[in-house]
Amino acid sequence: QNKPVTGKITDETGKPVPGVSIVVKSTTTGTISNAEGAYSLAAPENATLVFSSVSYETQEIAINKRSIINVSLLPSSKILNEVVVVGYGTQSKRAVTGAVASINNKQFQDRSFSNVAQSLAGQVAGVNISQAQGAPGSSPFIKIRGVSSITAGTNPLLVVDGVPLENFNLNMINPQDIESVEVLKDASSAAIYGSRGSSGVVIVTTKLGKAGKPSVSVNLEYGSQKVARQIEMMDAQQFIRTYIDAKNNAWIAAGGKATDGNALRPTLLKIPEDFLTNPQQFGAGTNWQDVMFRTAPMYNGQISVSGGTEKTQYMFSGAYLDQTAILDMNYYKRLALRSNVKTMVTDKLTIGLNLGVTSIFDRTEGTKGKSDVISLGLQSNPHFPVYNENGNLGYRDPNSTWFRFTSFGDMNLWHPYSLTREVDKGTKSFNTLGTAYLEYNILKNLKFRTSLSGNLFNTRNHFYWNDKQKYGYSAVLAAQANAGNSYMFNWLSENTLTYDKQIGDHSLTGLVGYTSQKQRDETMYVAANNFPNDLVHTLNAGTVTAGNTTASEWSLLSYIARLQYNFNNRYFLTGTIRRDGMSRFGDNNKWGYFPSVSAGWLISDEAFMSNLKNINNLKLRVSYGVTGNNQIPNYGAVSLLAASNYVYGSTMNNGLRVSSIANPNLKWEKTNMFNLGLDLGILNNRISGSVEYYNSLTRDMLLFVPVPDITGFSSQLTNIGKMRNRGIELNISTKNTVGEFKWTTDFNFSRNRNKVLQLGPGNAPIQYVDNVVTVRTEVGQPVSNFYGYIFDGVFKNQAEVDAYPHHASTTPGDPKVRDVNGDGKITDADRTIIGNNQPDFIAGMTNTFTYKGFDFSFMLQGAYGGEIANNNIRYLGTWDNGRNFYASMYNYWRSESDPGDGIHFKPNVSYQGLQKQFSSYWVSDASFLRMKNIRVSYAIPSKMLSKMNMKSARVYVNAENVFILSKYKDGYDPENTTYGTTSYSSSMETSGSYTSGNAPVPGAFQGVDYGSYPLPRVITVGVKVDF
Amino acid sequence: CGDSFLQLAPVSNPNAGNFFKTKADFDLASNAAYATLYTIYNPEGPVSYTGELMGDNVTILNISGNMADKWQFRDYTLAPANTMVYQFWQDFYRSLYNINIVLDKIETADVDAAYKDKVKGEMMFLRSLYYFQMVQIWGEIPLVTKPITAEESYGVLRSPVTEVYAQIVKDLQFAASKLPLASAAGAGKVSKGAAQALLGKVYLTMGDKTNAATTLKEVVSSGQYQLLPSYATLWSPTNKNTKESIFEIQYLGGSSTAPFSDYYLGFFPNSNALGFYGSGMNQVVDDTWNEYETGDARRVASIDTGFTDAKGTFTRVKFPKKWQDKTAPIIGQRIAANNNFMVLRYADVLLLLTEATGDAQYLNQVRKRAGMPEFGTAAYPSKYSTIEAATEHERRVELAFEFQRWFDLKRTNRALTVLAAKGKSVSQAKLLIPIPNVVRDQNSKITQNAGY
């Protein structure tokens, strides 16, 4: 007996689903849901209905005498049908055979970032994104599957709307304009980018409207930023006590007595009378971090309009970010405009244009470490006031009573305001990135695409330093100013032919292409001094003292080919090859080939799996490929001359010297990577995830190999050495509860092991020194180990000193240096490996809870097992010319009966032993667990909205960097690292000038903190409305 | 487009591939070779660190940079890991490369023979000047006389001291035979007299007094040189390349774009009280101040006793003042001074000649110019009774802070006695500085000096 059954079919979000097939089980009776998702049919009371649709899980529901059955469908193997952007095209996730991670807009919406890469931190297995500096606009370091090179660049290639860009600043793309970000992790997916793929590829795709009514979206945000944790520095009383002890310890070592007055002491060991007679007058003194930092607001507003017809789609957007920085006087303002349009001119011809125009006005300081404001501010002596009695900043004011301290050469005041308020500076950057494309269907299966892209970047900066700086700087300087300008233009022409063919169960896609790309960079710099007063800050008011311009270029030609084949949508095979030729390489090796193959098997679609109902998805992927690295100086293969002038009598004469050696054989660094991946979805995809294993071998490394100095050079750019990275990655997503209250957990874990297999002649270790911090790369070890002495605490008394090998100068209270080689002496040979910045593993976890309109999520992110070297120990952890000290140091050894914490040795104005040498005293555990993000949002119910003509409206609160658990206390953040991973350093080209303060090879100094910018805690509230 | 698209020549750097062809190229390249003098004779360069700081004239207190490494020179506690020692090693070999490449390329270049000889003479003088310093500082050293590749460099080990000296003598003999007299050489250029004066000093250091005397006498008899009447103005910025000067490093003050003279600033105390920042190198010890006889005007001409800051407070500290330029502008915390630095001057030659011959007449010319009683007269201080003692004393006060003292003490075998008396804990082995450990890490076949 058939009875009528009706109902409505909706998706997870409550939207009607049209086109669902409803069949009475074991019959041919059935119907299809209409546009409103409604259906009606007649069926026996005890029958079962089967609801099925391409994109949803099939459901079987027994009628059980009901007449109304509403069904909520779960997206089926949703994962498999998502489209993923890969190099030069897109693929369904089902067909992906490499290791590609895809992050869509939903995963970073509401978050307060200027750079989309920042929001990927903790979300992608195998991708270590660390925010080394907290200044607004500073780009994070992205390391995909470990360190791929020793001295050549390790930045991944960025591809924005199909345009590969080297060293592009992702801040130039408004994150809310981005539809998705794909990370190509393995060689087979990156090989299509050939010579630039070995550090991985990050593909950013901007939004385009969908056919339908125009959609207007407005988003307003307000945020507040604050330094989450200050570094504990000594207050005035502690500082004075330590200062006096340091001088007395030196004087006692020289044979004096602590009670001796200044008259008896040499200049270096004199102590200000104020410190001895009346230290209380200074009270607790000034906390210079309070002076430098502030709670800073930020505003962000954006509007976008998108929509289109079947033939034309568009998206226009405008966004303005106005961010005050936590550091005094610093700010970051960005205006980003975008227009993406695509139209079908005829059935065969489609054209489109993506255009993004961005301008950034900012002033960001404090990121250069050592001599920049944040580092200097920490060094200032706490007994000095913020303002002296004349309203000036410093004790060097000759009319101030504080001037009495100038006779002590070791007083330090680098008043933060002397670098912020006494300086007028700023940067204005403009970026235009446009891609115009044309697609023509030559035949039904054959498509031609040509595109022309241009990226134009201009930045100019100005700097003016007021005369005398209100006496707040380390010297009283005359006014000075400079201005600089840099320009970059990059153009790219790409032409591809794509052929698609389906023959029965065989499906074939072929791609061939030819691309050419060229970039020119220009810089300009002018400096002036001799300003009559501080009224005019432009250089015309002074006398120009220096000026120069430079230019440099690179060019790249490429041929690409790819063949994708699948059988029955179940067996997949992909092969790619790219041939690249580049100007940077030697005449004998300009061209290189980069091939890859990969295969996938969708096991869960096999007939023999059909019984295993609980397994929704099971796929095996395997790939092997070769990628390259070209991040070396533009003229690295050429021998260059540099100016070196000499005077005869009273005339200057030009001179030229050879500054680098030619290497016509210079060629690509190549990485071969094997990848094995398994994707799994079980229990109706309630649990899904993937596991990856990879093994990569980098050879012919582009290395600035140290060569014996007797050649006249310290290093030479050569292809030498081998390095391995291998690791595993794990992603698990679970739907812990479904229904009205939803709880999902996304967890990722990755572990990479990096090992150097071979180096230059004789496998000599490569060692770089910055100040005393030494990083050493040797065979059998990971890149850039910290290398120094091990400090085993402090000698408590003379008996302990006598009982253990020690440096000749050692007395009680000095550090106990471990006799590593056990020869009974403390020598250079006792230096050993004392750490490495690379973590043992990194992990991230996001929990999301949804109930009705409420969304709540939090993300934990962590790294375990790496170390950080604190180069600021030089200034703040040991006596260094009277700078302030870490409060942690205050518990130093004072006497046998007052031995302190056993870690901190006694201060001394002139350390005679290894106290200031690089040791484990400088190295901390960099493991951390960070509450990276908490989000709460509420979607206003649609009933209320429809009256106001709104489609949707949400309010949200977002908190970033909420807290961190870490043992690293004498720095702001264990992710702080002062030196970048930039593609190369110009200091390498003039190598040898690495005495101190400038790491000779920045990439090698990953994990060295020389006074970095703290990462603020940011709390934003926002509202987003769609019309 | 094809490969031509990929052929990009450097835009902002000249390319070495098409250099070293013409006379103009060699002028540029030899100027760059001369410019290495700025590094080697820098107030914080290798010759200053050894020649003065390892002697007894000076000390360092506060100094910018890695203080502990710098104090090691003063205290004779140098470690092979000392960063300055390695820096100096690099400085020397980089400089030698700039010289050797000119010598190598000019051999086959199409330039006239006279020009070729002149350039070769100049380069050989510079090369021997540097090797002479290096052999005194390190003892045995790798002797590199042409550009070598990294692969070749592993086969170049330390040469015996005698071989180094043989090369120096050969180079200087060539230079002396080919170079013009000072009057014809041009300001700042190496002359025949310079080569002979250096050769004389080298012979003396080798212990060959006969050849030293012969060679030095040729300098005297050339008639090119004489002592100037006023000692105090010898280093004045308005008194450059005088008749007393034999080889002088040329500076140009007044602007940041020309190489200005850093000696006064380098030796000024490490303080910024006056708007410029002294480096604090070579601070004068009281022992040096006391070495001067009563009434010797050379003392106040050589040593400043302090400075007055902006508020009028006087800080008492002794430091060298020979290279003061009172009219120089301050540019970015540095004084853009215009004084030259004399590597070789006639008074030095005269004193060396007395050392070589034992004849006081040359020394007495120097005494007479200083207005001091001559050796052998009653008024001469009795404590310098021998000609050796008199010469040692005279060289110390006449040539103070000119990077001579430590080399003088070593040459006369007086270093251990004198330095020990001044409280320095020094042994014979420590009179050579260590081979940097980086050098030995890179090539384990390079040996270390005894005592390190």
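Chain letters run A, B, ... following the sequence lines, proteins first and then strands; every chain starts at 1.
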Output the option from B:Tyr154, B:Tyr277, B:Tyr251 having the highest count of non-hydrogen pairs under 4.5 Å with chain A. B:Tyr154

At a heavy-atom separation under 4.5 Å, does A:Asn654 approach chain B through its side chain, its backbone, both, or neither? both

Output yes when a side-chain donor or acceptor of A:Tyr473 lies under 3.5 Å from a complementary backbone atom of A:Gly394, and no otherwise. no

Is it true that the side chains of A:Ser583 and A:Glu553 contain a donor and an acceptor less than 3.5 Å apart? no

Using non-hydrogen atoms and a 4.5 Å limit, figure out which bit of B:Thr149 sits close to chain A: side chain, backbone, both or neither. backbone

Could you check which of A:Thr827, A:Leu268, A:Asp410 has the highest count of heavy-atom pairs closer than 4.5 Å to chain B? A:Leu268

Between B:Asp25 (side chain only) and B:Lys21 (backbone N and O only), is there a donor and an acceptor less than 3.5 Å apart? yes

Segment of B:Glu248 engaging chain A (4.5 angstrom heavy-atom cut-off): backbone

Distance only, no hydrogens: is a donor on one side chain within 3.5 Å (strictly under) of an acceptor on the other, for A:Ser660 and A:Tyr635? no

Choice from B:Asn15, B:Asn100, B:Asn443, B:Asp27 maximising heavy atom contacts with chain A below 4.5 Å: B:Asn15

Which atoms of A:Thr711 are under 4.5 Å from chain B, going by heavy atoms: the side chain, the backbone, both sets, or neither? both

A:Gln519 side chain to A:Gln517 backbone, donor-acceptor under 3.5 Å: no

Could you look at A:Ile710 and say if it's the side chain, the backbone, both or neither that has a heavy atom under 4.5 Å from chain B? both

Taking the side chain from B:Lys318 and the backbone from B:Val285, do they hold a donor-acceptor pair closer than 3.5 Å? no

Sort B:Pro14 into side chain, backbone, both or neither according to what part of it lies under 4.5 angstrom from a heavy atom of chain A. both

Is A:Ala551 in contact with chain B via its backbone, its side chain, both, or neither, using a 4.5 Å heavy-atom distance? both

Pick one of side chain, backbone, both or neither for B:Phe20, based on which atoms fall under 4.5 Å of a heavy atom in chain A. side chain

Under 4.5 Å to a heavy atom of chain B? For A:Glu522 that would be neither

Is the backbone of B:Ser261 close enough, under 3.5 Å, to the side chain of B:Asn339 for a donor and an acceptor to pair up by distance? no

For B:Lys240 and A:Ser650, indicate whether the former's side chain and the latter's backbone hold a donor-acceptor pair under 3.5 Å. no

Comparing B:Ala81, B:Ser153, B:Gly186, B:Ser30 against chain A, the one with the most heavy-atom pairs below 4.5 Å turns out to be B:Ser153

Under 4.5 Å heavy-atom distance to chain B, tell me which part of A:Gln716 shows up: side chain, backbone, both or neither. side chain

Go through the atoms of B:Phe276 and report whether side chain, backbone, both or neither lie under 4.5 Å from a heavy atom of chain A. neither

Using non-hydrogen atoms only, which part of B:Ile101 is less than 4.5 Å away from chain A: side chain, backbone, both, or neither? side chain

Counting heavy-atom pairs under 4.5 Å to chain A, which of B:Ala29, B:Ala32, B:Gly188 comes out on top? B:Ala32

Any chance you could lay out the salt bridge (Lys or Arg N to Asp or Glu O under 4.0 Å) test for B:Asp91 and B:Arg94, step after step, and finish with the verdict? CA-CA 5 Å; B:Asp91 286 346; B:Arg94 250 173 235 168; 5.2 Å; no

Proximal component of A:Thr523, with respect to chain B [non-hydrogen, under 4.5 Å]: neither

Is the centre of the A:Phe918 ring less than 6.0 Å from the centre of the A:Tyr787 ring? no

Is it the case that the side chain of A:Lys468 and the backbone of A:Asp397 share a donor-acceptor pair, with hydrogens and angles ignored and the cut-off at 3.5 Å? no

Which atoms of A:Val772 are under 4.5 Å from chain B, going by heavy atoms: the side chain, the backbone, both sets, or neither? side chain

Relative to chain B, which segment of A:Leu477 carries a heavy atom at a distance below 4.5 Å: side chain, backbone, both, or neither? side chain

Would B:Lys105 count as a cation-pi partner of B:Phe26, with NZ or CZ less than 6.0 Å from the six-membered ring centre and within 45° of the ring normal? no

Ring geometry between B:Tyr93 and B:Tyr131 (parallel below 30°, tilted from 30 to 60°, perpendicular above 60°): perpendicular

Non-hydrogen atoms of chain B under 4.5 Å away: do they reach the side chain of A:Asn653, the backbone, both or neither? both

Per-residue contact mode, B:Ser255 against chain A (heavy atom under 4.5 angstrom): neither

dist B:Arg334:CZ -> B:Leu265:CG (nearest 0.5 Å) comes out at 7.0 Å

Bottom line for B:Ile446: the part with an atom under 4.5 Å from chain A's heavy atoms is neither

Comparing B:Asp75, B:Asn437, B:Thr313, B:Thr77 against chain A, the one with the most heavy-atom pairs below 4.5 Å turns out to be B:Asn437

A:Gln767 side chain to A:Thr774 main-chain N or O, any donor-acceptor pair under 3.5 Å? no

Please walk me through it: do B:Phe268 and B:Phe319 pass ring pair (Phe, Tyr, Trp, His ring centres under 6.0 Å)? CA-CA 6 Å; B:Phe268 195 86; B:Phe319 62 95; 4.9 Å; yes

A:Arg584 CZ to B:Leu6 CG distance, which is reported to the nearest 0.5 Å: 12.0 Å

Region of A:Met652 in contact with chain B, defined by heavy-atom distances below 4.5 Å: both

Go through B:Asn13, B:Ile249, B:Ile331 and name the one with the most non-hydrogen pairs under 4.5 angstrom from chain A. B:Asn13

Which atoms of B:Asn98 are under 4.5 Å from chain A, going by heavy atoms: the side chain, the backbone, both sets, or neither? side chain

Under 3.5 Å, is there a donor-acceptor pair between the B:Gln250 and B:Asn241 side chains? yes

Are the side chain of B:Arg127 and the backbone of B:Thr145 linked by a donor-acceptor contact shorter than 3.5 Å? yes

Examine whether an atom of B:Val156 lies under 4.5 Å from a heavy atom of chain A, and if so say whether it belongs to the side chain, the backbone or both; otherwise answer neither. both

Answer with side chain, backbone, both or neither: which region of B:Ala9 has an atom nearer than 4.5 Å to a non-hydrogen atom of chain A? backbone

Give, as side chain, backbone, both or neither, the part of B:Phe19 having an atom under 4.5 angstrom from any heavy atom of chain A. side chain

Top contributor to chain B interface from A:Ala643, A:Ala808, A:Ser474, A:Ala642 [non-hydrogen pairs under 4.5 Å]: A:Ser474

Tell me, for B:Asp69 versus chain A, whether the close heavy atoms (under 4.5 Å) come from the side chain, the backbone, both or neither. side chain

Side chain / backbone / both / neither for A:Gln917 at chain B, heavy atoms under 4.5 Å: side chain

Check the angle between the aromatic planes of A:Tyr559 and A:Tyr514 and answer parallel, tilted or perpendicular using the 30° and 60° thresholds. tilted

Quick one: of A:Gly655, A:Pro398, A:Ala662, A:Ser555, who has the most non-hydrogen atom pairs under 4.5 Å with chain B? A:Ser555

Using non-hydrogen atoms and a 4.5 Å limit, figure out which bit of B:Pro269 sits close to chain A: side chain, backbone, both or neither. neither

Against chain B, label A:Asn548 side chain, backbone, both or neither, depending on which of its atoms sit under 4.5 Å from a heavy atom there. neither

Within the distance-only criterion (no hydrogens, no angle test), does the side chain of A:Thr878 pair as donor or acceptor with the backbone N or O of A:Arg874 below 3.5 angstrom? yes

Who wins among A:Asn399, A:Val476, A:Thr406, A:Asn645 for the most heavy-atom pairs under 4.5 Å with chain B? A:Asn645

Contact part of A:Phe403 toward chain B, heavy-atom cut-off under 4.5 Å: side chain, backbone, both or neither? side chain

